[in-house]
There are 2 protein chains.
Amino acid sequence: MQKINTNVSLADQAYESLRQSIVQGELHADEELREENIAKQLGVSRTPLRDALRRLAMDGLVVLRKGKPAKVATFTMEDSLHLIEVRSLLEIHNIVTITPHITEERVQQLRENLFAQKNAIKDEDYESFVELDREFHLLLTEDNPNTKLQELIHQMNSGDYRAFIILSNTLSPSAEVAYGEHHHILEAIENRDTEKAKETMEHHMANIRKRLTQSN
Amino acid sequence: MQKINTNVSLADQAYESLRQSIVQGELHADEELREENIAKQLGVSRTPLRDALRRLAMDGLVVLRKGKPAKVATFTMEDSLHLIEVRSLLEIHNIVTITPHITEERVQQLRENLFAQKNAIKDEDYESFVELDREFHLLLTEDNPNTKLQELIHQMNSGDYRAFIILSNTLSPSAEVAYGEHHHILEAIENRDTEKAKETMEHHMANIRKRLTQSN
DNA sequence: ACACAGTATACTGTATACAGAAAGAAAGGA
DNA sequence: TCCTTTCTTTCTGTATACAGTATACTGTGT
């Protein structure tokens, strides 16, 4: 029998739904989000919707203006570069920490994720690829005992998501390159080669930055 | 004429009030926060209170458990060490970035802050010292163009606040040492000596960690 | 034509009511 | 005595109603 999912509140669902819409550009930057309006579209009341909006504000995806309708946050190239700068710092530190201690189970998950990435590229399903990319980086943090670091990397990756909108026109070639970089990272981890893992991650982060700046 | 304060919602006030209560230990770790109960105590309805609780959860000061009352988060030594690990990463990166570009105005602010620190110690006003300490580190980020990094360092410093509760018994000797370290940092910055600034900050962060672990 | 007051409207902030889940107490059976 | 089950209570999740504020509009006076 299938267990009914009682763990996902309406607020959770509203959050996820709006997040998708923003990230995928369905809601354009600076668009006003009138609570009653959006709530009706999602089929929930304002209460869970407002909850979702607050969370999205924390993620930097919307801006709340007291007394006025919330807006979809604008996300500039500059923001994106700031984000990747911090993200580099955290992800490089993370991979150095976890490489010696990573579990075989995690490595297996990473292999499977990478396989799925390959398929997504083959199918030209770049939406899935972006999601898998994110998952790949989150998996890398799982074995890090520093939960605070984990949390921040999660945050960075969610925010970074929006950079892919900027990149959407160049996503097809980017995905292949990114896949290759992910592959190198996993290879280094499989060999428990910390120095190599660090290098490949540095390289990956630098390239993400490059792809960003070159896209405009 | 005095402008009427229409900018602080009940939710804001509830947030600030609860934050104070938690940070100052008035609400002890693991204590259950029943919404109706707390709301009544604060003299507001559940709606703004819940808003406040969500925000506090984001700050890591309370934990929400779906369907069950929220709890005041426990803040362990381990958490504290995780925090300082990430904070080190960010603060060291920051100081390397800003030292060559710091404005004379900022240096002056830092000098004044340091002077106030000295006075707080002389007056044995450690509550003020903790606040000035925090301000010192925030001032260091002001000239960093990376607003995301700024934001995170702010976050880290607010969270760290709670570590000082743990430390409260050993605050008196710690403050003097911390003051000395701040002094060295400012000195390096005044000379626009990036390498030295990095070293002094590394030293400072390592010592904060040491003080934490030695306090138990 | 323009400035300005007054009014209508649309939105958020807040309170409250209701439904359903979780925890605890009481009752029944082995 | 202990386990199980049911009932009661208490809590959160959600919907909705209401109040107050900001904005747009309309009309009036100059």
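Within every chain, numbering begins at 1; the chains are lettered A, B, ... in the order of the sequence lines, protein sequences first and strands thereafter. In this text, all values refer to a predicted model and were calculated from it rather than measured experimentally.
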field: Backbone N/O of A:Pro145 and side chain of A:His101: donor-acceptor pair under 3.5 Å
entry: no
message: Side chains of A:Asn146 and A:Gln150 only: does a donor on one sit below 3.5 Å from an acceptor on the other?
response: no
- request: Check whether any side-chain N or O of B:Arg54 sits under 4.0 Å from OP1 or OP2 of D:dG13, and answer yes or no.
  value: yes
task: Rounded off to whole Å, could you give me the CZ-to-C1' distance for the B:Arg50 and D:dT14 pair?
output: 8 Å
- prompt: Closest to the B:Ser9 side chain: D:dT14, C:dT16, C:dG13?
  reply: C:dG13
5′-ward residue of the pair A:Ser45/B:Glu35 relative to DNA chain D: B:Glu35
task: Give one of base, sugar-phosphate or nothing for A:Leu49, where a contact means two heavy atoms less than 4.0 Å apart.
output: nothing
- request: Please figure out whether B:Arg46 or B:Leu10 has its closest DNA chain C nucleotide nearer the 5' end.
  value: B:Leu10
message: For A:Gly67 and A:Asp12, find the nucleotide of DNA chain D closest to each by heavy atoms; which residue's nucleotide sits nearer the 5' end?
response: A:Asp12
- prompt: Judged by atom type as modelled, is there a donor-acceptor pair below 3.5 Å linking the side chain of A:Asp12 to the main-chain atoms of A:Ser9?
  reply: yes
field: Rounded distance in Å - CD (A:Gln13) to P (D:dA15)
entry: 11 Å
query: Rounded to the Å, how far apart are A:Lys66 NZ and C:dG13 P?
result: 7 Å
A:Asp51 CG - C:dG13 C1' separation (whole Å): 15 Å
query: So which nucleotide from D:dT12, C:dA23, D:dT14 ends up closest to the side chain of A:Ala11?
result: D:dT14
query: Rounded to the Å, how far apart are B:Asn37 CG and D:dT12 P?
result: 9 Å
- prompt: Any idea which of D:dT23, C:dA15, D:dG13 is nearest the A:Lys68 side chain?
  reply: D:dT23
query: In whole Å, what is the span from the NZ atom of A:Lys40 to the C1' atom of D:dA15?
result: 13 Å
- prompt: Which whole-number value in Å describes the distance from B:Glu32 CD to C:dG24 P?
  reply: 9 Å
- prompt: Nearest-Å distance, CD (A:Glu36) to C1' (D:dC18)?
  reply: 13 Å
- request: Look at B:Glu32 together with B:Lys71 and state whether they make a salt bridge at an N to O cut-off of under 4.0 Å.
  value: no
- prompt: Heavy atoms under 4.0 Å, any strand shown: does A:Leu53 hit a base, just sugar-phosphate, or nothing?
  reply: nothing
message: Assess whether a salt bridge exists between A:Arg211 and A:Glu181, defined as any Lys/Arg side-chain N lying under 4.0 Å from an Asp/Glu carboxylate O.
response: yes
